[in-house]
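Every heavy atom of this structure was used, including side-chain atoms; hydrogens, water molecules and symmetry mates were not. Naming: A, B, ... by sequence-line order, numbering from 1 per chain.
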Protein chains: 2
Amino acid sequence: MKLDKLVGDRFKERPSDCAIDSHALMVRGGYIKYVANGIFSQYPPMKRISQKIERIIREEMDSIDGQEVLFPVVLPGTLWDESGRYQSVGSELLRFSDRNGSPMVLGMTHEEAAVQLVREYANSYTKYPFMIYQIQTKFRDEARPRGGLIRVREFTMKDAYSFHTSQEDLERYYDKCYKAYERIFARAGVPEVISVQSDSGMMGGSISHEFMLLTPVGEDSIVLCKECGYRANMEAAENIVDNAKTGELEEIKLVHTPNIHTIEDICEFLHAPLESSCKAVVYQKNSDDAYVVVFIRGDLDINETKLTNFLGEDIHPAVITPECGLNAGYIGPYKLEGDFTVLFDRSLEGAQNLSCGGNVEEYHYTGLNIERDCGKVEYHDFAKIAEGGICPVCGKKAITISRGIEVGNIFQLGTKYTKSMNMTYLDADGKAAHPIMGCYGIGVGRLAASVCEVHHDDYGPIWPITIAPWEVHICCVRSDDPETHAFADQLYDELQKERIEVIYDDRKATAGVMFSDADLLGVPVRVIVSPRNMKEGCCEIVTRDKKISKKVPVGEAVEAVGAVLKELYDEVQKGCK
Amino acid sequence: MKLDKLVGDRFKERPSDCAIDSHALMVRGGYIKYVANGIFSQYPPMKRISQKIERIIREEMDSIDGQEVLFPVVLPGTLWDESGRYQSVGSELLRFSDRNGSPMVLGMTHEEAAVQLVREYANSYTKYPFMIYQIQTKFRDEARPRGGLIRVREFTMKDAYSFHTSQEDLERYYDKCYKAYERIFARAGVPEVISVQSDSGMMGGSISHEFMLLTPVGEDSIVLCKECGYRANMEAAENIVDNAKTGELEEIKLVHTPNIHTIEDICEFLHAPLESSCKAVVYQKNSDDAYVVVFIRGDLDINETKLTNFLGEDIHPAVITPECGLNAGYIGPYKLEGDFTVLFDRSLEGAQNLSCGGNVEEYHYTGLNIERDCGKVEYHDFAKIAEGGICPVCGKKAITISRGIEVGNIFQLGTKYTKSMNMTYLDADGKAAHPIMGCYGIGVGRLAASVCEVHHDDYGPIWPITIAPWEVHICCVRSDDPETHAFADQLYDELQKERIEVIYDDRKATAGVMFSDADLLGVPVRVIVSPRNMKEGCCEIVTRDKKISKKVPVGEAVEAVGAVLKELYDEVQKGCK
């Protein structure tokens, strides 16, 4: 492909609406075009990257006996009714009516469609196990799309669904898929992707993992233990607390605390650490706006995912009205009266002599001892684990928190969908049973953007050879020089004959313009042909990451490019276990 | 792939809801699964066929310098507002609102998105010409989906858009694309696809062609001239009439015609041919229900596409109420009074002494001579050309009418979209101009279904080798015989090592079950391994179309299969010009 015909603009200025580097570079490099909030078109370079990623995914899915199928983007609402998700999923599920008034949805995930496809087919244990997958457009009506292709509304996803007759068989396959995912990310040039335990959320099921690319711009908080290697999404990480008991219980006492509203203020006022306070955090249920008051140790924060999972429904931060019976800034568990759901985080278990709200304007209690003062309460884990916290596996205070982008996930779904959608098979004894499912997703565009996010410099992406839009970028500097141009033309032809994917820049442009365009396209191997080099009978081969830079005689150029490509491919191969 | 693991059922009974063979076979063969009206999932064999078709299309689009991009499925309504199609397209454009209430549509075609993608990029004549294409899911909310994948609501389509600075350049590229389309259909195993002139419909523009696969179950009527080779869609074919003048004008006379309502009745009553009558056909405009009365010679029918194009808006057959001023069954052009749009088809030009409705219950006129009795009227072409009609090109009475399925189309769009969406470039003189567009579509699933429709027998599809789900189907008859099974296993391995795509049936099933499954999968080359053959040291190679059937020694099986495959590929190659 000749660069002067490549559709899409490249430019220098960072667009003001791009918060993260990969977004800015993909706009500046002519990869994506904004169409609507969270909706993009793809220019040829992005489409080429996507196709390479899809090919890697396809090969790895086929290697674990996946069978590629295709589900519709537009699904009937009745199908989502069967699983109950037509009702239970929030407004990220885009619902609408067709011309006949039938309720339809845009597929944001395809468990229902997968069960519908195989429900009649897989009626005997002899058909199991099997896995079907597709690579297809999905739509999720995100409230806050952001970061270019990192969080969009429309995206291309590989989603796979496996069906089993026993939990053991699912687990065996889950492990196979886990390894296939490691290979996919390694082959895509990001062996640094790590797996973490995750929360299953609206997918249902129990065990699940997310595959994360660590970067400060990631949306997810990742919990890592420096000691034992434990890794989990913040949403799924259990918070462990050891409250040292002093033995001496103070009396509960009402204290006048004028102008003190926050837990930080009261602790400062009392010259006590945050750990010795009991904080109230108030939510309302989405369904009926009923209030949920959660008490937690003052130094910790609520993990809303844990709370949502516990309640079994969605919540939002509360709007505390004068009529609701809660005294904002002064809420405490002692003598709290009213029609609220009251919950206690495990961090309060065994905590002694706490300060807390007095449920009266401008008053707090000190000396709160929950078991003594509030009667028998149940404790549950609602807290976010914090930097320096206790590892739930090894028990050491060795937790660090990083940010990550989720580039893939795998779930053990169990029978949530096969039960609700009444899918059964006859087992070897002729008895009906529900198959057990797993599901496995990778977002293609998000993976591309994430790779760009972790592999770029100030001038553009540094694409791994396996997913780069082209393998070689020829810059013919001073194409007005006939000898230079002729050699560049010849090199372009010869490389293409070797089935090497080449982008060829022979514009009448300055070297500066050429190189900054080449940087933005991020092609791993660059060949610079110029009159100066030609005088020495050479051309230059430089890799985008600058690790290789050498002059080679023009007669050996094709061979030398081939050798550098091999080196780059071998390096990626080394990253694959 | 082993057949016993292939996801999808195959069965014998023709489903009662399948009107055409390809639909029935694709359901019976485990290719597609009904999800909702006009919405299907694809099982692995169908997905494989689609991918092969997509690959052929991609190669041919790339060969004419196409650049693959990706547009969104979900598009903002504002984008369709720009072209005016948000308003002008009917309810087949699915409109809905996202969570923020923004109007959105599901892309049924992507002219707007194409212009939006390149509007800023292509700002100078030096960037032209170029073509971008995508292969992507589309949704068209059809009122009457039918025929399995022939007319669906959700479908995969290749759509391409070219941009030019002159009509001549567009025409040059249009011809290139026309030839690429011929290659695509030939490579897909259907060189019998013909191109016909077509009506541009809602796409706008002037010259356009459809690519048609002739079959009695096709939805389109195709006009063919036996003499000169003229080919057109009925919608676009000009109707030519030669009314022989007798010279003698009869007087106009009101005749009592009790119980006579149709034009056939009146002609029988008058012992006159249909050609000597003037028939009224009444429509109402969709916008305001205003009546449109079209007069046409009694032996001809209205081509509603021509009428719609003339009126510039959609129409529907009229509901004639007592108040509307029209006398159903007795409408004629003489002394017709009321607020109607009255139109005359060209077939009435020069026609003499016609019978027609009297505009009074139970009365007709005879001796109508329009020019004399109705004053000066304008004639337009609203008629369907009929079998045996006059060819508009060579003028001979040699027209035949066939049915066809449209598998592709190409349009010269002109500046309809670039003007309405304000896309301009600076030409060599620095003057702003609107680029000229072409667009080019192929429905992937419809092409697959059409190939099945024209290439099948009672037992299943007969896939061309280039798009078959697999190349070779091994039937291991009596897999309980160890020697037979061992050889079949070995053959399976060896063929795969040769990179041949094999489906392998080694189930403990009867030969009958195996062969009918193989017929339904339609794989071109079948290898039958059985104890009886093994005794002779042979296996059988049979092609799905029965043209090749031979026994080969087991030692030569791999080679022989390769040779048969080569023969089949060569045959397809011969069909490509």
Side-chain angles (χ1 to χ4, degrees), chain A residues 1 4-9 30 33 35-37 39-44 46-48 50-51 65 67-76 78-79 91-92 94-100 102 104 106 113-114 116-118 120-122 126-127 130 132 134 136-137 139 141-143 153-154 156, chain B residues 1 4-9 30 33 35-37 39-44 46-48 50-51 65 67-76 78-79 91-92 94-100 102 104 106 113-114 116-118 120-122 126-127 130 132 134 136-137 139 141-143 153-154 156:
Chain A
M1 163 112 233
D4 63 346
K5 284 294 170 205
L6 177 64
V7 169
D9 278 317
K33 167 85 177 174
V35 177
N37 194 16
I39 300 178
F40 294 88
S41 284
Q42 296 183 6
Y43 287 108
M46 183 62 213
K47 181 69 196 174
R48 296 175 71 98
S50 298
Q51 281 172 319
D65 298 323
Q67 298 183 47
E68 190 167 353
V69 299
L70 187 71
F71 303 116
V73 173
V74 177
L75 296 164
T78 48
L79 191 60
S91 48
E92 64 270 27
L94 209 154
R95 300 162 173 88
F96 58 94
S97 295
D98 69 8
R99 67 189 292 160
N100 301 315
S102 302
M104 310 298 282
L106 292 182
Q116 195 261 353
L117 185 68
V118 300
E120 287 93 26
Y121 158 73
T126 58
K127 312 277 186 81
F130 60 91
I132 50 180
Q134 67 164 352
Q136 164 76 316
T137 302
F139 195 90
D141 205 0
E142 295 280 355
R153 297 202 290 173
E154 180 169 325
T156 301
Chain B
M1 163 111 231
D4 64 345
K5 283 294 170 205
L6 178 63
V7 168
D9 279 316
K33 167 87 177 174
V35 176
N37 195 17
I39 301 179
F40 294 88
S41 283
Q42 295 183 7
Y43 286 108
M46 183 63 213
K47 182 69 195 173
R48 296 176 71 98
S50 299
Q51 280 172 320
D65 299 321
Q67 298 183 46
E68 190 167 354
V69 299
L70 187 70
F71 302 117
V73 173
V74 177
L75 296 164
T78 48
L79 191 61
S91 48
E92 63 270 27
L94 209 154
R95 300 162 174 87
F96 60 93
S97 296
D98 70 7
R99 68 189 291 161
N100 300 315
S102 301
M104 310 297 282
L106 292 182
Q116 194 261 354
L117 186 67
V118 299
E120 288 94 23
Y121 158 74
T126 57
K127 311 277 186 82
F130 61 91
I132 50 179
Q134 67 165 351
Q136 164 77 315
T137 303
F139 195 91
D141 205 0
E142 296 281 354
R153 297 202 290 171
E154 180 169 326
T156 302

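- Here the closest heavy-atom approach between residue Ser41(B) and residue Phe71(A) is recorded as OG-CD2, 3.5 Å.
- The parts of Glu68(A) that come within reach of chain B are both its backbone and its side chain, each placing non-hydrogen atoms under 4.5 angstrom from that chain.
- Interface remark: Tyr43(A) contributes backbone and side-chain atoms alike to the contact with chain B (heavy atom separation under 4.5 Å).
- Of the atoms belonging to Asp65(B), not a single heavy atom falls under 4.5 Å from chain A.
- For Ala143(B), the parts lying under 4.5 angstrom from a heavy atom of chain A are both the backbone and the side chain.
- Residue contact with chain B, scored on non-hydrogen atoms closer than 4.5 Å, involves the backbone and the side chain of Glu120(A) alike.
- Annotation: the span from Met104(A) atom CE to Ile39(B) atom CD1 amounts to 3.5 Å, rounded to 0.5 Å.
- Residue Arg99(B) holds its CZ atom at 10.5 Å from CZ of Arg95(A), rounded to the nearest 0.5 Å.
- Chain A forms the most heavy-atom pairs under 4.5 Å with one residue out of Asn37(B), Leu75(B), Thr156(B), Leu6(B), and that residue is Leu6(B).
- The most heavy-atom pairs under 4.5 Å with chain B, out of Thr126(A), Leu94(A), Val74(A), come from Val74(A).
- Chain B forms the most heavy-atom pairs under 4.5 Å with one residue out of Lys127(A), Arg153(A), Arg48(A), and that residue is Arg153(A).
- Between chain B and the options Gly8(A), Pro76(A), Ala36(A), the largest number of non-hydrogen pairs under 4.5 Å is found for Gly8(A).
- At a 4.5 Å heavy-atom cutoff, Met46(B) makes no contact with chain A through either its backbone or its side chain.
- In this structure, the side chains of Phe139(A) and Val73(B) stay at 4.5 Å or more apart for every pair of heavy atoms.
- Within the 4.5 angstrom heavy-atom criterion, atoms from both the backbone and the side chain of Gln116(B) approach chain A.
- Highest contact tally toward chain B, considering only Pro72(A), Pro44(A), Ser97(A), is held by Pro72(A) [criterion: heavy-atom pairs under 4.5 Å].
- Of the possible donor and acceptor atoms, none in the side chain of Gln42(A) sits under 3.5 Å from a partner among the backbone N and O of Leu70(B).
- When each of Asp98(B), Thr78(B), Thr137(B) is scored by its heavy-atom pairs under 4.5 Å with chain A, the top score falls to Asp98(B).
- Annotation: the span from Gln136(A) atom CD to Gln136(B) atom CD amounts to 7.5 Å, rounded to 0.5 Å.
- Rounding to the nearest 0.5 Å places CD1 of Ile132(B) at 5.0 Å from CG of Leu117(B).
- Heavy atoms closer than 4.5 Å to chain B are found in the side chain of Phe130(A), but not in its backbone.
- Between chain B and the residues Phe96(A), Phe40(A), Tyr121(A), the most heavy-atom pairs under 4.5 angstrom are made by Tyr121(A).
- With contacts defined as side-chain heavy-atom distances shorter than 4.5 Å, the pair Val7(A)/Val69(B) does not qualify.
- One finds the NZ atom of Lys47(A) at 14.0 Å from the CD atom of Gln67(B) (value rounded to the nearest 0.5 Å).
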